[in-house]
Amino acid sequence: MKTFNLFKKKNQLSLLLGVFSLIALSSCSKDNDGSSQDTYSTQVSITDAPIDNANVSGAFVTITDVRVDGQSVEGFNATTLDVSALQNGNTTILGNIDLESRTYSNVSLVLDYANDVDGNSPGCYILTADDVKHALVSSSEEININDSFEVVQGISNQLVIDFDLRKSIIASEGSSSDQFDFVTNAELKNSLRLVNRLKTGTISGTATDSQNTSEKIVVYAYERGSFNAETEANGQGSSNVRFANAVTSTVVNSTNGSYQLSFLEEGEYELHFASYNDEDDDGKLEFTSMLSAESVASLNLLNLQVDANVELTANILITGSL
């Protein structure tokens with residue numbers, strides 16, 4: 001009798017273990033549609049493309065939350081940061097989140113326009129060279145970014161949010177303490193883009209302006225075939241943003257002529273150069289003209305191939321104004 005009971009208990013235990021194993025397998029390895037539930041660590045960072053206005057010494061935003069598919073990024077604490085300091089490939093880490101391997105399109109930033117993290121007002125503002133804060137506000141505290149990024153299976157991913165100041169902030173006709181505004185909420189969504197850093201490359205080099213055509217030169221990267229000189233240079237949308245369809249841009253260093261266009265997704269691009277000068281002596285640079293440019297190494301500036309994790313060198317000679 002004892003032997004029978006022991007045998008019976010062993011069978012019951014084996015049956016229970018088998019049931020538990022099946023439950024574990026079905027809940028941990030597969031969704032209802034059969035897809036994998038494995039998640040991969042994704043670091044979330046922020047960077048910036050520069051603003052054109054030479055009078056701007058800082059662009060501060062107070063971020064209270066970062067959400068991916070409605071889920072807050074772990075380890076993120078409310079922060080006030082100068083995004084204008086994050087140029088030429090520089091980033092700051094906001095936090096980390098575990099994500100499944102797929103494409104994501106629901107990413108948002110929550111901003112505090114009223115106060116910074118120290119309780120000072122305003123929370124988002126432009127700081128000009130005369131040390132005046134110009135408050136920035138929008139109709140919504142949450143900016144849903146109209147872009148997507150892919151989480152790659154089996155590796156640690158790096159999501160980069162590019163907060164393009166040139167597209168997101170415009171000069172206004174307000175008082176001496178209110179000279180800047182955010183663009184409309186719809187335009188603000190389109191002024192931020194998302195990329196997985198592991199799937200991006202860089203275009204860098206020097207732009208030599210031997211004819212001294214400009215006080216400042218800005219180089220714009222467009223997807224191949226998407227640039228229209230007339231519409232892009234004249235401004236578009238409710239906020240009249242110039243070069244609104246550029247993927248990204250950067251200012252050519254006035255000292256050594258260097259430039260760097262970072263976080264470009266794999267693909268074909270074209271480069272365009274624009275001249276800015278203070279023509280009315282008001283301390284502000286105005287767009288003057290497009291510039292004629294050619295590659296020193298005979299590259300086709302209207303067909304540059306960017307590959308992941310590759311830095312393409314394109315040294316440029318500015319030959320005059322168009």
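Residues take their numbers from the sequence shown, with the count starting at 1.
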Chemist: Are Tyr40 and Leu198 connected into the same hydrophobic cluster when the rule is that any two of I, L, V, M, F, W, Y join if their side-chain heavy atoms are below 4.5 Å apart?
Modeler: no
Chemist: Locate the shortest heavy-atom distance separating Thr128 from His134; write the atom from each residue and the value.
Modeler: OG1-NE2, 3.1 Å
Chemist: Asp164 and Arg193: side-chain contact (heavy atoms from CB on, under 4.5 Å), yes or no, with the steps?
Modeler: CA-CA 8 Å; Asp164 197 331; Arg193 67 185 182 103; over 6 Å; no
Chemist: Is there a donor-acceptor contact under 3.5 Å from the side chain of Gln43 to the main chain of Ile93?
Modeler: no
Chemist: What residue pairs, at least two apart or across chains, pass salt bridge (charged side-chain N to carboxylate O under 4.0 Å, His left out) with a residue in residues 289-312?
Modeler: none
Chemist: Would you mind reporting whether Asn245 and Ser226 have side-chain heavy atoms less than 4.5 Å apart?
Modeler: no
Chemist: With no hydrogens and no angle check, is any side-chain donor or acceptor of Ser292 less than 3.5 Å from a backbone partner on Gly320?
Modeler: no
Chemist: Is there a continuous path of hydrophobic side-chain contacts, each under 4.5 Å between heavy atoms, that joins Leu261 to Val160?
Modeler: no
Chemist: For the hydrophobic clusters of this structure (ILVMFWY residues joined by side-chain heavy atoms under 4.5 Å, transitively), does one cluster hold both Val83 and Val195?
Modeler: no
Chemist: What pairs of donor and acceptor atoms, side-chain ones from residues 103-111 against any protein atom, are under 3.5 angstrom apart with sequence neighbours left out?
Modeler:
from	atom 1	to	atom 2	distance (Å)
Tyr104	OH	Glu100	N	2.9
Tyr104	OH	Glu100	O	2.9
Ser108	OG	Glu142	OE2	2.7

Chemist: With a 3.5 Å cut-off and sequence neighbours excluded, list the donor-acceptor pairs that the side chains of residues 68-81 form with protein atoms.
Modeler:
from	atom 1	to	atom 2	distance (Å)
Asp69	OD2	Arg102	NH2	2.5
Ser72	OG	Asp65	OD1	3.1
Ser72	OG	Asp65	OD2	3.0
Thr80	OG1	Thr62	OG1	2.8
Thr80	OG1	Val117	N	3.1

Chemist: For Lys199, check salt bridge (Lys or Arg N to Asp or Glu O under 4.0 Å) against everything at least two apart and list the hits.
Modeler: Glu150
Chemist: Does some side-chain heavy atom of Tyr276 sit less than 4.5 Å from a side-chain heavy atom of Glu215?
Modeler: no
Chemist: Distance check, rounded to the nearest 0.5 Å: Leu304 atom CG versus Ser295 atom OG?
Modeler: 8.0 Å
Chemist: About how many Å separate CG of Asp209 and CD1 of Ile318, when rounded to the nearest 0.5 Å?
Modeler: 6.0 Å
Chemist: Using modelled atom types only, decide if a donor and an acceptor are shared between the side chain of Glu223 and the backbone of Val247 within a distance under 3.5 Å.
Modeler: no
Chemist: Report the residues that fulfil side chain to side chain contact (heavy atoms under 4.5 Å, CB included) with Asp118, sequence neighbours left out, ordered by chain and then residue number.
Modeler: Asp116, Asn120
Chemist: Could you check if a side-chain atom of Leu192 sits within less than 4.5 angstrom of a side-chain atom of Phe163, using non-hydrogen atoms only?
Modeler: yes
Chemist: For Glu268, give me all partners under salt bridge (Lys or Arg N to Asp or Glu O under 4.0 Å), at least two apart in sequence or on another chain.
Modeler: Arg224
Chemist: Kindly give the heavy-atom pair with the smallest separation between Val296 and Leu317, and that separation in Å.
Modeler: CG2-N, 4.4 Å
Chemist: Please check if Val306 and Tyr222 belong to a single hydrophobic cluster, counting links between Ile, Leu, Val, Met, Phe, Trp and Tyr side chain heavy atoms closer than 4.5 Å.
Modeler: no
Chemist: Taking side chain to side chain contact (heavy atoms under 4.5 Å, CB included) as the test, write out the residues that go with Thr288, two or more places apart.
Modeler: Ser275, Asn277, Glu279
Chemist: Answer whether the closest heavy-atom distance between the side chains of His272 and Phe243 falls below 4.5 Å.
Modeler: no
Chemist: Going from NZ on Lys189 to OG on Ser138, what distance comes out if it is rounded to the nearest 0.5 angstrom?
Modeler: 9.5 Å
Chemist: Closest heavy-atom contact between Phe273 and Met290?
Modeler: O-CE, 3.4 Å
Chemist: For Tyr125, which residues count as a ring pair (Phe, Tyr, Trp, His ring centres under 6.0 Å) partner, sequence neighbours excluded?
Modeler: Phe60
Chemist: Could you check if a side-chain atom of Ile170 sits within less than 4.5 angstrom of a side-chain atom of Asn240, using non-hydrogen atoms only?
Modeler: no
Chemist: How far does CD1 of Ile46 sit from OG1 of Thr91, to the nearest 0.5 angstrom?
Modeler: 10.0 Å
Chemist: Does Leu285 offer a backbone N or O that forms a donor-acceptor pair with the side chain of Asp278 under 3.5 Å?
Modeler: no
Chemist: Counting only heavy atoms not in Ile155, do more than 12 fall under 6.0 Å of its CD1?
Modeler: yes
Chemist: Does Lys167 reach the main-chain N or O of Ala246 with its side chain, forming a donor-acceptor pair under 3.5 Å?
Modeler: yes
Chemist: Can you see which heavy atom on Asn185 is nearest to which on Ser140, and at what distance?
Modeler: OD1-CB, 3.8 Å
Chemist: My understanding is that only residues two or more places apart in sequence, or in another chain, count here; which of them pass salt bridge (Lys or Arg N to Asp or Glu O under 4.0 Å) with Asp48?
Modeler: none
Chemist: Check whether any side-chain N or O of Asp82 sits under 3.5 Å from a backbone N or O of Gly58 as a donor-acceptor pair, and report yes or no.
Modeler: no
Chemist: According to side-chain hydrogen bond (donor to acceptor under 3.5 Å, both in side chains), who are the partners of Asn190, at least two apart in sequence or on a separate chain?
Modeler: Asn146
Chemist: Under 4.5 Å between any side-chain heavy atoms of Leu159 and Leu194, yes or no?
Modeler: yes
Chemist: Taking atom OG of Ser45 and atom CG of Asp162, what is their separation to the nearest 0.5 Å?
Modeler: 12.0 Å
Chemist: Report whether Ile316 and Ile203 are members of the same hydrophobic cluster (ILVMFWY, side-chain heavy atoms less than 4.5 Å apart, transitive linking).
Modeler: yes
Chemist: Do you know which two heavy atoms are closest between Val151 and Ser101, and how far apart they sit?
Modeler: O-OG, 3.2 Å
Chemist: Between Ser204 and Thr313, is there a donor-acceptor pair closer than 3.5 Å when you use the side chain of the first and the backbone of the second?
Modeler: no
Chemist: Any side-chain to backbone donor/acceptor pair from Asn157 onto Val152? Under 3.5 Å, distance only.
Modeler: yes
Chemist: With rounding to the nearest 0.5 angstrom, report the CG to CG distance, Asn96 to Leu99.
Modeler: 10.0 Å
Chemist: Within the 4.5 Å heavy-atom criterion, are Phe180 and Val56 side-chain neighbours or not?
Modeler: yes
Chemist: Quick one: does Leu127's side chain get under 4.5 Å of Asp131's, heavy atoms only?
Modeler: yes
Chemist: Does the side chain of Asn315 come under 3.5 Å of the side chain of Thr206 through a donor N or O and an acceptor N or O?
Modeler: yes
Chemist: Could you list all the side-chain hydrogen bond (donor to acceptor under 3.5 Å, both in side chains) pairs where at least one residue sits in residues 255-266, not counting sequence neighbours?
Modeler: Asn256-Ser258, Gln260-Ser262
Chemist: Do side-chain atoms of Thr47 reach the backbone of Asn90 as a donor and acceptor pair under 3.5 angstrom?
Modeler: yes
Chemist: Please test Ser289 against Leu322 for side-chain contact (heavy atoms from CB on, under 4.5 Å), starting from the C-alpha separation and ending with a verdict.
Modeler: CA-CA 7 Å; Ser289 66; Leu322 293 175; over 6 Å; no
Chemist: Donor-acceptor pair, Arg242 side chain versus Phe287 backbone, under 3.5 Å?
Modeler: no
Chemist: Give me each pair satisfying ring-ring contact (aromatic ring centres under 6.0 Å, His included) with a member in residues 193-214, each pair once, sequence neighbours excluded.
Modeler: none
Chemist: For Ser249 and Val218, work out which heavy atoms get closest and say how close.
Modeler: CB-CG1, 4.1 Å
Chemist: Looking at the rings of Tyr220 and Phe227, which for Trp means the six-membered one, are their centres under 6.0 Å apart?
Modeler: no
